[in-house]
Number of protein chains: 2
Amino acid sequence: MERLPIVERRAQLIRAALAVASRDGIEAATVRAIAAEAGVSLGVVHYCFEDKNELLRELGDAIAAQGVDRVELARLARPDAHRAIGAAITTRWEAMRAHRGVQLLGFELTTQGLRNPDLRGVATAQRDRNLRAAREMLDEAAAVANIRWTVPIQLLARFSVAAMDGVVLAWLVDDDDEAARAALSSLTTHLTTHTTPSRK
Amino acid sequence: MERLPIVERRAQLIRAALAVASRDGIEAATVRAIAAEAGVSLGVVHYCFEDKNELLRELGDAIAAQGVDRVELARLARPDAHRAIGAAITTRWEAMRAHRGVQLLGFELTTQGLRNPDLRGVATAQRDRNLRAAREMLDEAAAVANIRWTVPIQLLARFSVAAMDGVVLAWLVDDDDEAARAALSSLTTHLTTHTTPSRK
DNA sequence: GTCTATAGTTGGATAGAC
DNA sequence: GTCTATCCAACTATAGAC
């Protein structure tokens with residue numbers, strides 16, 4: 001086996017953890033399974049991480065980081081408010097839909113974080129990232145469509161995140177793409193009612 | 001130890017499982033811990049249930065059943081649409097807020113159901129119950145306020161469940177009652193825009 | 001740095017006495 | 001029906017050879 005600097009070894013193990021956990025679930029992501037996935041022996045994992053919780057915390061960071069590819073709205077034709085908001089939400093939805101296992105893993109990590117004090121930060125970090133991403137999305141949609149929001153953006157961001165989470169969870173259960181799209185369309189309409197043309 | 005008919009013993013063990021799992025999390029709800037909670041020995045659990053999964057399936061039923069105390073809207077003063085819908089949602093929210101551990105357990109059982117084929121039914125049963133409860137809530141609110149819905153109620157029910165789930169999950173993470181209430185108020189407003197006076 | 005070997009728990013499940 | 005005793009598998013973590 002090749003020798004690696006510890007930082008690269010850690011990165012490799014985090015990738016392996018993400019692969020196992022998103023494919024087989026958080027319960028299946030044992031130290032053994034992760035070591036096997038990475039092709040290293042059990043001891044290596046304990047050499048690279050303080051304990052399993054530290055590895056899971058890094059996994060939480062990794063999953064949150066990959067969820068926030070910035071949405072590109074600039075090239076929209078006829079960017080009215082409804083259209084811009086709809087595009088932003090649809091883009092995010094398609095990104096999530098493409099990684100079913102990762103979405104489920106996100107919920108699993110959140111519940112773990114709510115039970116295990118050692119992983120508390122995973123849950124809150126994920127919420128913070130989601131909120132920030134939603135706020136940026138709303139800001140960008142407003143800029144592109146040349147409107148402004150008539151209620152505090154923090155409120156709208158929170159509602160959007162909650163609605164998104166709920167829609168994704170329902171979709172994980174019943175795998176109904178049409179229903180999910182309809183719900184997101186409803187969310188888009190709702191957000192649009194809280195806009196007004198911005199004066200220049 | 002007192003002898004009990006097996007059906008009563010099962011009910012007792014399910015109650016114990018609910019107590020342990022809602023208090024300490026699904027991972028802590030081992031057969032051993034449940035037996036201890038009920039004050040019986042380990043073997044008794046295996047005598048009463050085929051295996052652990054069967055017990056968890058019954059637990060799923062139990063948790064779903066207790067969530068659907070029917071909302072009483074009849075005595076509302078001046079039941080306009082917004083008021084009726086708001087009351088229905090608030091009532092349900094207060095019921096959920098009072099049982100934090102149970103709500104978290106619900107999410108844990110759902111994710112388990114999505115990973116473990118043996119528990120698949122737990123996730124879908126919970127979704128079905130929630131959808132039905134939401135539909136009944138919308139029906140009753142419409143009847144009380146003398147309005148009708150301008151979009152298919154199935155769609156509204158689904159959106160309501162998703163939004164509720166998302167709001168509860170966010171609340172579990174940050175424990176912010178005010179933010180939750182604000183989000184639910186936003187949901188109420190959104191639902192109200194899809195009503196129209198019903199002709200008699 | 002990496003490996004094998006093993007300690008030390010804890011889990012689900014079962015056998016057999018009473 | 002109920003209990004104790006036990007089996008066996010899987011887990012995290014560590015010690016020590018190389």
Side-chain angles (χ1 to χ4, degrees), chain A residues 1-17 19-21 23-60 105 108-109 112-113 115-119 122, chain B residues 1-21 23-60 105 108-109 111-113 115-119 122:
Chain A
M1 173 165 306
E2 39 176 358
R3 302 193 155 215
L4 284 183
I6 193 164
V7 292
E8 292 183 26
R9 188 63 85 193
R10 280 172 61 104
Q12 176 198 18
L13 289 171
I14 292 166
R15 279 196 307 273
V20 176
R23 187 180 62 231
D24 303 324
I26 190 78
E27 282 200 326
T30 65
V31 176
R32 283 179 148 78
I34 293 168
E37 177 84 17
V40 303
S41 66
L42 182 57
V44 176
V45 182
H46 285 293
Y47 171 73
C48 292
F49 296 91
E50 174 77 17
D51 57 13
K52 191 189 176 184
N53 284 335
E54 190 196 345
L55 204 171
L56 288 183
R57 283 193 295 270
E58 297 291 333
L59 175 60
L105 175 57
E108 291 177 301
L109 280 172
Q112 292 259 325
R115 294 288 190 189
N116 181 348
D118 256 30
L119 299 178
V122 174
Chain B
M1 175 164 306
E2 36 175 0
R3 303 193 154 216
L4 284 183
I6 193 164
V7 293
E8 292 184 25
R9 189 62 86 193
R10 280 173 62 105
Q12 175 198 19
L13 288 170
I14 293 166
R15 278 197 307 274
L18 178 59
V20 175
R23 186 180 63 231
D24 303 326
I26 190 79
E27 284 199 324
T30 66
V31 176
R32 285 179 146 80
I34 293 167
E37 178 83 19
V40 304
S41 65
L42 183 57
V44 176
V45 181
H46 284 292
Y47 171 75
C48 291
F49 296 92
E50 175 76 18
D51 57 13
K52 189 189 177 184
N53 283 335
E54 191 196 344
L55 203 171
L56 288 183
R57 283 193 296 270
E58 296 291 333
L59 176 59
L105 175 57
E108 292 177 300
L109 280 172
T111 58
Q112 293 260 323
R115 294 288 190 190
N116 181 348
D118 255 31
L119 300 179
V122 174

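The shown structure was predicted, so the numbers you read here are calculated from the model rather than taken from an experiment. The sequence lines fix the lettering, A, B, ..., with proteins before strands; numbering per chain opens at 1.
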* **d(CZ, A/Arg10; C1', C/dG1) in whole Å** => 16 Å

* Rounded to whole angstrom units, what separation is found between the CG atom of B/Leu13 and the P atom of D/dT2? -> 10 Å

* **Whole-Å gap separating C1' (D/dA13) and CG (A/Leu56)** => 15 Å

* Structure fact -> Walking DNA chain D from its 5' end, the first of A/Ala28 and A/Glu50 to be reached, judged by nearest nucleotide, is A/Ala28

* Spacing of A/Lys52 atom NZ relative to C/dT10 atom P, expressed in whole Å -> 15 Å

* Asked: Expressed in angstrom and rounded to an integer, what is the separation of A/Asp118 atom CG from D/dA13 atom P?
  -> 10 Å

* Asked: Under 4.0 angstrom, heavy atoms only, what part of the nucleic acid is B/Leu42 near: base, sugar-phosphate, or nothing?
  -> base

* To do: Check whether the side chain of B/Arg9 and the base of D/dG1 form a donor-acceptor pair under 3.5 Å.
  => no

* Polar side-chain atom of A/Arg10 near backbone of A/Phe49 as donor-acceptor pair, under 3.5 Å -> no

* Main-chain N/O of B/Leu56 paired to B/Asn53 side chain as donor or acceptor, under 3.5 Å -> no

* A/Arg9 and A/Gln12: side-chain donor and acceptor closer than 3.5 Å? -> yes

* **Residue pair A/Leu119, A/Leu109: steps toward the side-chain contact (heavy atoms from CB on, under 4.5 Å) verdict** => CA-CA 8 Å; A/Leu119 299 178; A/Leu109 280 172; 5.7 Å; no

* **Out of C/dG1, D/dG1, C/dA13, whichever nucleotide has its closest atom nearest the side chain of A/Ile6** => C/dG1

* Given atom CZ of B/Phe49 and atom P of D/dT2, what is their separation to the nearest angstrom? -> 13 Å

* To do: Please state whether the phosphate of C/dT2, meaning OP1 or OP2, lies under 4.0 angstrom from any side-chain nitrogen or oxygen of A/Ser41.
  => no

* Starting at the 5' end of DNA chain D and moving along, which residue's nearest nucleotide shows up first, A/His46 or B/Arg32? -> B/Arg32

* To do: Would you mind telling me which of D/dA13, C/dT14, C/dG1 lies closest to the side-chain atoms of A/Tyr47?
  => C/dG1

* Mark yes or no for whether A/Arg57, through its side chain, and A/Asp118, through its backbone, hold a donor-acceptor pair below 3.5 Å. => yes

* Report the distance from atom CG of B/Asn53 to atom P of C/dA13, rounded to the nearest whole Å. => 8 Å

* How long is the line joining CD1 of A/Ile34 and C1' of D/dA13, in whole Å? -> 14 Å

